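Have a look at the structure below, then the notes.
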Amino acid sequence: MVRALKLDGLDILIESLKKDYLVYAPLSRNGDYFFSILEEEKAYLGCAVTIMPPKRILQPEVQTLFNYTAVDGYSIETPPLDQKQALFGIRPCDVHAMLGFDRVFGGRYEDPYWWERRKNTLVVAANCTTVAEECFCSSWGTGPGLDANYDLLLTDLEDGYLLEIGSPAGEEVAIQLDVPPAGEADLSKKARLLARATASIKKVLGVKPTELHDFLAERFDHPAWQPQADVCFSCGNCTITCPTCYCYNIFEDYSPALKAGERRSEWDSCQLLEFARIAHGFNFRRTRLDRFKHRSIHKLSWMDQQYQTPGCVGCGRCVRWCPSWPVRRGRPTSLADPVEIIGDLMEAV
Amino acid sequence: MADKLKTALFKFTCCAGCQFQLLYFFSPESFLETLDLLDFVYFRMATSKELKEDDHYDLAFIEGAISTTEDIEKVKKIRKQSDIVVGYGACAAHGGVQSIGDWTPQRKLEETVYPNPLQMKSIKVHPVDEFIRVDYQLRGCPIDEVEFMELIRALAAKKEPYLREYPVCVECKFANNICILLMRQGVLESMCLGPVTRAGCRVACTRNMRACFGCRGPMTNPNIPEMVRTFKGKGFTEHEIFTRFTEYAGLSPEFSEGARAYYERKAPYYERPEWRAA
């Protein structure tokens with residue numbers, strides 16, 4: 001079996017995918033990138049994370065859980081989830097985030113909506129040969145290259161694309177392409193480009209991921225939390241754009257006559273005041289400090305303890321979209337930046 | 001199904017745009033279905049029915065801000081006559097555009113506008129809940145149809161409506177918008193109040209690359225000092241920041257904090273309003 005092919009362009013692959021799959025790809029709009037259905041536009045594979053992570057395709061911001069009608073008894077109808085779809089150009093960090101979702105929505109309580117979509121999804125990942133300044137995936141080992149858990153994997157070799165096959169479903173697509181297999185030179189070039197990308201990542205987490213649990217547990221009451229929380233908007237941008245955040249709220253949309261309705265889920269965020277509000281109006285994360293600390297430690301430590309998957313994959317979205325930019329260590333930094341949060345905590349008391 | 005709600009819509013100081021919006025909504029069929037739940041006994045723009053003295057209402061909408069002493073008596077009477085009072089639109093919620101005047105002494109406003117100010121009986125503009133308890137508040141300039149539907153359905157079904165409390169940022173990200181606060185520099189259009197403003201507008205402005213100007217008022221527990229600091233960091237003058245915060249909801253305690261940040265730092269451009277001690 002051929003494990004790797006060499007493509008001159010992406011069109012042949014996209015055309016082939018479109019035959020069987022609904023193709024989602026990063027598209028450019030107003031100078032930024034977002035994951036959407038690929039139609040006439042050109043997919044953009046230059047390294048830039050999309051505004052919203054591709055989790056929105058598998059777990060939409062607002063999704064219908066089921067429709068119901070209450071005429072002549074009850075009837076419940078779940079929306080069709082069997083659309084075969086392909087995530088084209090999904091980044092290694094986002095693939096790792098998706099594996100995190102698999103753990104959260106798998107295990108003890110399975111989320112049927114996630115798994116139904118997940119089973120019908122073809123992962124056409126793309127290695128990063130260039131990196132953005134917000135990226136710090138190498139600290140987590142979630143990029144810039146992907147080793148496993150893909151159906152197809154693209155690498156931009158400058159003179160064409162390397163297409164690696166990672167699963168039978170991927171092979172079915174690749175078989176239809178009439179292109180030559182890749183040579184040794186292509187594979188070594190890929191390794192060289194990835195090494196160059198890794199070396200160009202400037203942001204490094206100050207503490208090794210394995211030591212983070214102890215590091216953060218010791219600093220739970222560190223005075224550096226308060227000044228950070230003071231400049232936090234609690235707007236939820238860091239969590240809404242986070243590829244590993246999985247919290248959602250459930251609400252109802254029903255017809256005025258109460259004859260029919262729809263139950264929906266909507267992404268929620270621990271940064272919002274009402275998130276931890278419970279019956280009788282009590283709120284167990286009332287202060288901004290509580291919420292800021294919760295998000296930071298949950299991402300960096302607790303999620304790993306609970307699900308054995310890191311809560312951060314180093315994609316840099318929170319860094320990019322946090323509206324608060326305080327000056328830390330002499331330069332403006334994004335408040336939500338995990339690297340800077342750890343940097344603050346490393347400073348002596 | 002329950003009986004229709006006997007409803008009245010009262011207008012005070014405002015442009016009546018929210019009222020007009022109710023006739024103008026072109027939205028899904030379910031909007032008409034929603035209106036079907038209401039039996040309007042008084043709605044000046046849509047019906048010719050006259051107001052009956054000492055009538056009782058299941059539901060009263062109060063549109064507009066309170067700006068005369070007679071208005072205070074009127075809203076108190078409406079409160080007594082109604083089971084549920086809903087503040088309707090930005091003016092009822094926070095005073096609206098005319099609340100900008102509250103930051104100037106009343107005497108100066110009257111002298112500017114009227115030839116004989118000594119005959120005027122106007123007072124400072126106030127939101128409705130300054131005088132009476134308001135059960136629910138529809139925000140925005142104008143109100144949002146989906147939120148309106150959610151409220152009416154919930155009231156008819158006797159359950160709590162799900163009105164969003166989170167900031168505009170959340171909805172903006174849901175819509176895959178680029179952040180104009182971060183991405184645009186130096187133009188007033190980048191002065192976005194999204195991180196402190198309550199959502200529910202379905203990002204009407206930011207989806208069209210317009211900065212949020214806070215018509216829906218503050219979210220729960222917004223970080224106003226940080227918003228002021230952010231605007232300053234982007235190079236906006238204190239006066240520009242002041243006008244941004246006072247444009248629609250300057251009377252809310254939260255946004256007035258942003259506006260006061262201006263007074264505390266600089267000799268006043270406007271005089272400090274005497275009625276609201278800093």
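Because the structure is a prediction, the values reported are computed rather than measured. Basis for what follows: all heavy atoms, side chains included, without hydrogens, waters or symmetry-related copies. Residue numbers start from 1 in every chain, and the chains themselves are labelled A, B, ... in the order their sequence lines are given, proteins ahead of strands.
For chain A, no part of Ala199(B) is nearby; none of its heavy atoms comes within less than 4.5 Å. Using a 4.5 Å cut-off between heavy atoms, Pro222(B) contacts chain A through its backbone alone, with no side-chain atom that close. Using a 4.5 Å cut-off between heavy atoms, Thr241(A) touches chain B through its side chain atoms alone. Within the 4.5 angstrom heavy-atom criterion, atoms from both the backbone and the side chain of Met227(B) approach chain A. Looking at Arg291(A), the atoms closer than 4.5 Å to chain B (heavy atoms on both sides) all sit in the side chain, from C-beta outward. Contact annotation for Phe233(A): both backbone and side-chain heavy atoms come within less than 4.5 Å of a heavy atom of chain B. Neither the backbone nor the side chain of Pro332(A) comes within contact range of chain B, judged by heavy atoms closer than 4.5 Å.
Contact tally against chain B (heavy-atom pairs below 4.5 Å) for Asp230(A), Asn237(A), Asp32(A): the top residue is Asn237(A). For the set Trp267(A), Phe34(A), Tyr254(A), the entry with the most heavy-atom pairs within less than 4.5 Å of chain B is Tyr254(A). The candidate from Ile152(B), Thr230(B), Val170(B), Asn221(B) with the greatest count of non-hydrogen atom pairs under 4.5 Å with chain A is Asn221(B).
Ionic pairing of Arg164(B) and Glu266(A) is present here: one or more N-O contacts between side-chain nitrogen and carboxylate oxygen are shorter than 4.0 angstrom.
To the nearest 0.5 Å, the span separating CD on Glu226(B) from SG on Cys232(A) amounts to 8.5 Å. In this structure, Glu252(A) CD and Lys159(B) NZ are separated by 6.5 Å, a value rounded to the nearest 0.5 Å. We find the CH2-SG distance between Trp321(A) and Cys169(B) to be 11.0 Å, quoted to the nearest 0.5 Å. To the nearest 0.5 Å, atoms OG1 (Thr220(B)) and CG (Leu273(A)) are separated by 4.5 Å.
Across Ile51(A) and Asn176(B), no two heavy atoms sit closer than the pair CD1-O, 3.7 Å. The two residues Pro167(B) and Leu272(A) have their closest heavy-atom pair at CD-CD2, 3.6 Å. Across Leu181(B) and Pro323(A), no two heavy atoms sit closer than the pair CD2-CB, 3.6 Å. In plain terms, the two heavy atoms of Arg153(B) and Ser255(A) that are nearest each other are CD-C, 4.3 Å. What you find for Pro256(A) and Leu37(B) is that their closest heavy atoms are CB-CD1, 3.7 Å.
With contacts defined as side-chain heavy-atom distances shorter than 4.5 Å, the pair Trp325(A)/Leu182(B) qualifies. Side-chain contact check for Glu61(A) versus Glu171(B): every heavy-atom pair is 4.5 Å or farther apart. Taking 4.5 Å as the limit, some side-chain heavy atom of Asn249(A) sits within range of a side-chain heavy atom of Tyr162(B). Residues Arg320(A) and Met183(B) form a side-chain contact, since some pair of their non-hydrogen atoms from C-beta on lies under 4.5 Å apart.
Residue Glu133(A) qualifies as open at atom CD: its count of foreign heavy atoms under 6.0 Å is 12 or below. Counting heavy atoms of neighbouring residues, nucleotides and ligands inside a 6.0 Å radius, atom CD of Gln226(A) exceeds 12 of them.
Panel note: side chain Arg56(A), backbone Phe174(B); no donor-acceptor pair is recorded below 3.5 Å.
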